[in-house]
Amino acid sequence: MPAPTAYSAANVEAKWYQHWLEKNYFHSEPDEREPFTIVIPPPNVTGLLHMGHMLNNTIQDILIRKARLDGRNACWVPGTDHASIATEAKVVKKLRAQGIKKSDLTRDEFMTHAFAWKEEYGGIILEQLKQLGASCDWERTRFTMEPELYKAVIKVFVSLHKKGQLYRGLRMTNWDPAAQTVLSNEEVIHTDENKNLYHVRYKVAGTDDEYIVIATSRPETIPADTALAVHPDDERYRKYHGRKVIVPLVNREIPIIVDDYVGIDFGTGALKVTPAHDMNDNALGEKHGLEVIDLLNPDGTLNANAQFFVGMDREEARVAFVKKLKATGDLLETKPYRTSVGRSERTNAVVEPRLTLQWFLRMDDMAVTALGAVESGEVKFHPENMVNMYRSWLKPENVRDWCVSRQLWWGQRIPAWYWNDEVFVAETAEEALAEANRKHATADIKMEDLKQDDDVLDTWFSSWLWPISVFDGFKDPKELEYYYPTSDLVTGWDIMFFWVARMIMAGYEFSEDLLPKKLIEEKGKMPFKNVYFTGMVRDEKRRKMSKSLGNSPDALELLKNYGADGVRFGMMRSAAAGNDIVFDAPIDPETKEVLNTSELCNQGKKFCNKIFNANRLIQGFEQVDRAPDPVTVLAGRWLEAKLNQTITEVDRMLGEYRISEALATLYNFIWGDFCSWYLEAIKPADGKLSSETYELTISAFERMMTLLHPFMPFITEEVWHQLRERKDGEDCVVSTWPTAGSFDKKVIEDFTLLQDIISSTRDIRNQRGVTQKEELKLFVQRSEATEALIGAVAGAKDFVEKSGVMSSVELTDSTPDNALPFLVGNDKGYLVLNEEIDLEGERAKINEEIARLEKQVNGVNRKLANEKFVSNAPDAVVAMERKKLADWSAKIDSLRAMV
RNA sequence: GGUCGAUUAGCUCAGUUGGUUUAGAGCGUUGCAUUGACAUUGCAGAGGUCACUGGUUCGAGCCCAGUAUCGACCA
């Protein structure tokens, strides 16, 4: 039965991943080797693999596999975070489908349901990462809500409280009325929406018919107004400075305040101020000492302060108020108005600014530390220009204290116990009670007198500890001492502030307390040394790929269609560091659905097939004991030089995190140089290859497989095993990264010129309609250069004959008849065609080429005639220009001789 | 409105700190090729005033200023 001619990824990939797991190659234990550590950006436990994950984790896998091949102790820690809002929403929804309301459950009952949900549905994404080939140390898988990590969070909270960095305060926060929780700024998505701007008149107190007209988009908040503001320079309202107006409907007097915050040109130039329901109004209120009236319930319905429509949702109430204001004649005008509306990322509810009592972490000092860590270079960003964004995030004027409490159950419950108005923060209720009794010795406080805070901590309050907590650093520093600081972090720039900055803060805040001083001095406090920022994956219309837009291809379908190697190749070829990548999955014009196809991934799949077939070719040769022919010797020397050159380049590119370029370099080398030139050059007519050549070929091929392994682990492991008999424990994944040897540039230059000769003759054949198979005669004008190459380099002549399909290649001193001339370096070559040729047509082309070269020669002459250039430019540059001049002049001479 | 970034081939992008680049790659495109590893292929070709205007420099795709367009983030 003939071997299949096409590579099939599915079986190969499953087989090797299983093998690697059985060999436990991905597991790391501290030893005497240098560690190379990556902690995964923990995906949301509810998450499913999407394009962003595939990009991100492919890069991490490339880095970790490369480190493993370099002989370092590679440790990639996987895990998930508990995603409080998203997970709680899913659990609530599932319970509701079963007819259970969250409000009917106790907190403990709810948590039991939530953990059950996590066991059943959570962490699917980690299984999906295996399909991508991710070489994570699965024994180290962590989860931010598991007991040890829970304890770490609590410990950190208590410690920060002791240091005075946590406080409780009333703040304007983003309130999600659907989830009934506070959102961080980053969890609110602002988009422009169509709204109305209502012009409402406020009667000036003490007059009968004088009104000031304000413009508002939120008439339902009128009962909570506590001032009316105008710009100090606005002539229209100058006469009302210091007076009062009467709020319509509720007939309450409020002051007219003057502030240059008010836009004279916006609306009517008069602004109603509602400190409880608008961020800017709140700031105004604080500045002018205004009263705060809150008219909303937590669920977004109106409370008694509204006086009208109590219990009605704010959106409906707006309509009702408009109707009522119209009826009283106070509504003068309604204008359509487009403005930015903030909605909850999770529930899509319109976010309400709301004053709530929250726990805050002071950010000022930490932000300075975190900025310094990057600016000093202790933490390096790739690409470097990401520091600009980081700096703008962390500027003192942009830093706000971190609101860490969330009104949810799924998360670490804040370890704060209240006794009357006093708070006691401790790791356990018992400690809090002891503390309370210490302070109030006579009060005899009992456990039931204490009430624990109902809120849980922000999920990021878990993830910012990740590089420390995954090694149980808060419990026992043993592993932390070995693995910390971690090497590289790979993540999207969109969570630079959210997560990266905060991990740096945590690293500097806690590592000192956890690790021996000597170690800190040696290795530093930073959580990681390098951060590689990936771009966002966008669709062909440049929109960010997201679940809600439905514009993301199905990651698993892509893996099925192209294999993990194909997809990894496709992702990486389009992913220059930091730049957003436009992924080519097309959208069906009919159905508007995204198709799970990709030309980029297909290219990767084809590359696998190419490698697979190159191996088939080599395996098909019969090894014989004979001396290799000169072509093979020449090609072999060239391949070795070219391979060393390639390794040098790939090493440099990976060192600079230019991952996609490293892959492109390997692709071009393997496909172009190895398959298209080398294998064609050594291909024996009789199918028999000298053992020496066979060994050289296999040796080069297996090094290529190791080089490509980090990028495309499966095909490389498969082929690596087919190249030689391997012992147990010998696998590509744990082979050794090849060392770049020195190489003779002359060997590459000579070979390149021979390749040029062959390409030129192929071009002439194409233009003349002469088949590539017909053997032709080639003459090369004798010169010092051609003598040194064709005459002196062993195998040069034979190589041109073989790959150029020539019956003979000879040096000549005369001009052969009936031959088409072309340039061989700076000299002339003549291809003899077995047909009458007309040189007339050729002349025009040659003259054109002469004209082009003359223009360039003129340019160089001008340069060299310029004394300033000759005296200022480095010698090497001047010499280069002189060489250009000599080369081009020689070419022109050769071309002139042709016509 | 504020800040940052981008503009290089039909498309998507490189271009490593100003001179070996006579601006590259992949895809697409054009022509030719099919019994010999692979049509998931091979060979070759065409295609660019590096957005525009000025400046610095012996020398600019790269540095500076302005203009235009686009994008992102923040408000």
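As a basis for the values below, the full set of heavy atoms in this structure was taken, side chains included, without hydrogen atoms, waters or symmetry mates.
At least one side-chain nitrogen or oxygen of A:S759 sits closer than 4.0 Å to the OP1 or OP2 atom of B:A44. For B:A37, one of the phosphate oxygens OP1 or OP2 lies less than 4.0 angstrom from a side-chain nitrogen or oxygen of A:K683. Applying the 4.0 Å criterion to OP1 and OP2 of B:A75, one finds that A:R400 has a side-chain N or O inside that range. Phosphate contact (OP1/OP2 of B:A33, side-chain N/O of A:N766, threshold under 4.0 Å): absent. For A:R658 and B:G15, the shortest distance from a side-chain N or O to OP1 or OP2 is below 4.0 Å. Dashed line: the shortest gap from a side-chain N or O of A:K884 to OP1 or OP2 of B:U22 is under 4.0 Å. At least one side-chain nitrogen or oxygen of A:W671 sits closer than 4.0 Å to the OP1 or OP2 atom of B:G42. At the phosphate of B:C13, neither OP1 nor OP2 sits under 4.0 Å from any side-chain N or O atom of A:S660. Residue A:R573 has no polar side-chain atom (N or O) positioned under 4.0 Å from OP1 or OP2 of B:G26. Between A:K606 and B:U41 there is a side-chain polar atom (N or O) within less than 4.0 angstrom of OP1 or OP2.
Rounded to a whole angstrom, the distance from the C1' atom of B:C73 to that of B:C50 is 28 Å. B:U40 and B:C27 have their P atoms separated by 15 Å, with the value rounded to a whole Å. For the C1' atoms, the distance from B:U7 to B:C52 is 11 Å, rounded to whole Å. B:G42 and B:G36 are spaced 13 Å apart, taking the C1' atom of each and rounding to whole Å. The gap from the C1' atom of B:U21 to that of B:A60 amounts to 14 Å, rounded to the nearest Å. Look at the P atom in both B:U3 and B:G66: the space between them is 12 Å, to the nearest Å.
Of the candidate nucleotides B:U16, B:C43, B:U35, B:U35 has the atom nearest to the side chain of A:K773. Comparing B:G19, B:C38, B:C58 against the side chain of A:K610 picks out B:C38 as the nearest. Side chain of A:A873, nearest nucleotide from B:G45, B:C58, B:U40: B:C58. The listed nucleotides are B:C38, B:G5, B:G42; the one nearest the side chain of A:N388 is B:G5. Out of B:C43, B:U16, B:C58, the shortest distance to the side chain of A:K868 is found at B:C58. Listed nucleotides: B:C43, B:U22, B:A37. Nearest to the side chain of A:R762: B:C43. Closest to the side chain of A:Q603, from the set B:C38, B:G26, B:C74, is B:G26. Listed nucleotides: B:A44, B:G19, B:G26. Nearest to the side chain of A:F869: B:G19. Considering only the side chain of A:W493, B:A72 comes nearest among B:A37, B:C58, B:A72.
Residue order along RNA chain B, read from the 5' end via each residue's closest nucleotide, puts A:K883 first among A:E680 and A:K883. The nearest heavy atom of RNA chain B to A:R538 and to A:P874 marks one nucleotide each, and the one closer to the 5' end goes with A:P874.
Residue-level contact check: A:A614 touches the bases, meaning some heavy atom is under 4.0 Å from a base atom. Base contact: A:C675 has a heavy atom under 4.0 Å from a base atom. Counting non-hydrogen atoms under 4.0 angstrom, A:M389 reaches nothing in the nucleic acid. Counting non-hydrogen atoms under 4.0 angstrom, A:R652 reaches a base of the nucleic acid. Using a 4.0 Å heavy-atom distance criterion, A:N866 is classed as a sugar-phosphate-only contact. Nucleic acid contact class of A:S676 (heavy atoms, under 4.0 Å, all strands): sugar-phosphate only.
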**OP:** Show the numbers, then the answer: is there a side-chain contact (heavy atoms from CB on, under 4.5 Å) between A:I62 and A:R568?
**Re:** CA-CA 10 Å; A:I62 289 168; A:R568 291 165 67 115; 4.2 Å; yes

Original post:
Run the side-chain contact (heavy atoms from CB on, under 4.5 Å) check on A:T697 and A:L679 step by step: do they pass?
Top reply: CA-CA 9 Å; A:T697 307; A:L679 290 180; 4.3 Å; yes

Subject >> Trace of the side-chain contact (heavy atoms from CB on, under 4.5 Å) decision for A:D259 with A:L271 >> reply: CA-CA 10 Å; A:D259 198 293; A:L271 178 74; over 6 Å; no

Subject >> Evaluation steps, salt bridge (Lys or Arg N to Asp or Glu O under 4.0 Å), between A:D887 and A:K891 >> reply: CA-CA 6 Å; A:D887 282 354; A:K891 277 185 211 284; over 6 Å; no

**OP:** Before giving the answer on side-chain contact (heavy atoms from CB on, under 4.5 Å), spell out for A:L654 and A:V650 the whole-Å C-alpha distance, their side-chain angles and the decisive distance to 0.1 Å.
**Re:** CA-CA 6 Å; A:L654 287 179; A:V650 169; 4.0 Å; yes

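With a cut-off of 3.5 Å on both Watson-Crick or G-U wobble distances, the partner of B:C38 is given as none. Taking a pair to require two hydrogen-bonding distances under 3.5 Å in either a Watson-Crick or a G-U wobble arrangement, B:U53 pairs with B:A65. Taking a pair to require two hydrogen-bonding distances under 3.5 Å in either a Watson-Crick or a G-U wobble arrangement, B:U22 remains unpaired. Across every strand in view, B:A9 sits unpaired, with no contact that passes the Watson-Crick or G-U test at under 3.5 angstrom. For B:C43, the paired nucleotide is B:G31, the pair qualifying as Watson-Crick or G-U wobble because both relevant distances are below 3.5 Å. Applying the Watson-Crick and G-U wobble criteria (two distances, each under 3.5 Å), B:C73 pairs with B:G2. For B:G48, there is no paired base (Watson-Crick or G-U wobble, both distances below 3.5 Å).
Look at A:K746 and A:E749 and you find no salt bridge, because none of the NZ, NE, NH1 or NH2 atoms lies under 4.0 Å from a carboxylate O. Look at A:R652 and A:E649 and you find no salt bridge, because none of the NZ, NE, NH1 or NH2 atoms lies under 4.0 Å from a carboxylate O.
Between A:F607 and A:F569, the ring center distance clears the sub-6.0 Å criterion.
Here the rule is side-chain contact (heavy atoms from CB on, under 4.5 Å) with A:M571, and of A:L55, A:L600, A:L558 only A:L55 fits it.
With rounding to whole Å, A:D763 atom CG is found 16 Å from B:G31 atom P. The NZ atom of A:K802 sits 15 Å away from the P atom of B:C43 (whole-angstrom rounding). A:E661 has its CD atom 8 Å from the C1' atom of B:U16, to the nearest Å. Here B:U40 presents its C1' atom at 11 Å from CD of A:E599, a figure rounded to the nearest Å. Protein atom CD of A:Q856 is 14 Å distant from nucleotide atom P of B:U21, rounded to whole Å. The distance between atom CG of A:L885 and atom P of B:U22, rounded to the nearest whole Å, is 14 Å. In this structure, A:Q619 places its CD atom 17 Å from C1' of B:G36, rounding to the nearest Å. Taking atom CZ of residue A:F607 and atom P of nucleotide B:C27, one finds them 12 Å apart after rounding to whole Å.
The aromatic rings of A:Y7 and A:F612 are tilted relative to each other, their planes meeting at an angle between 30° and 60°.
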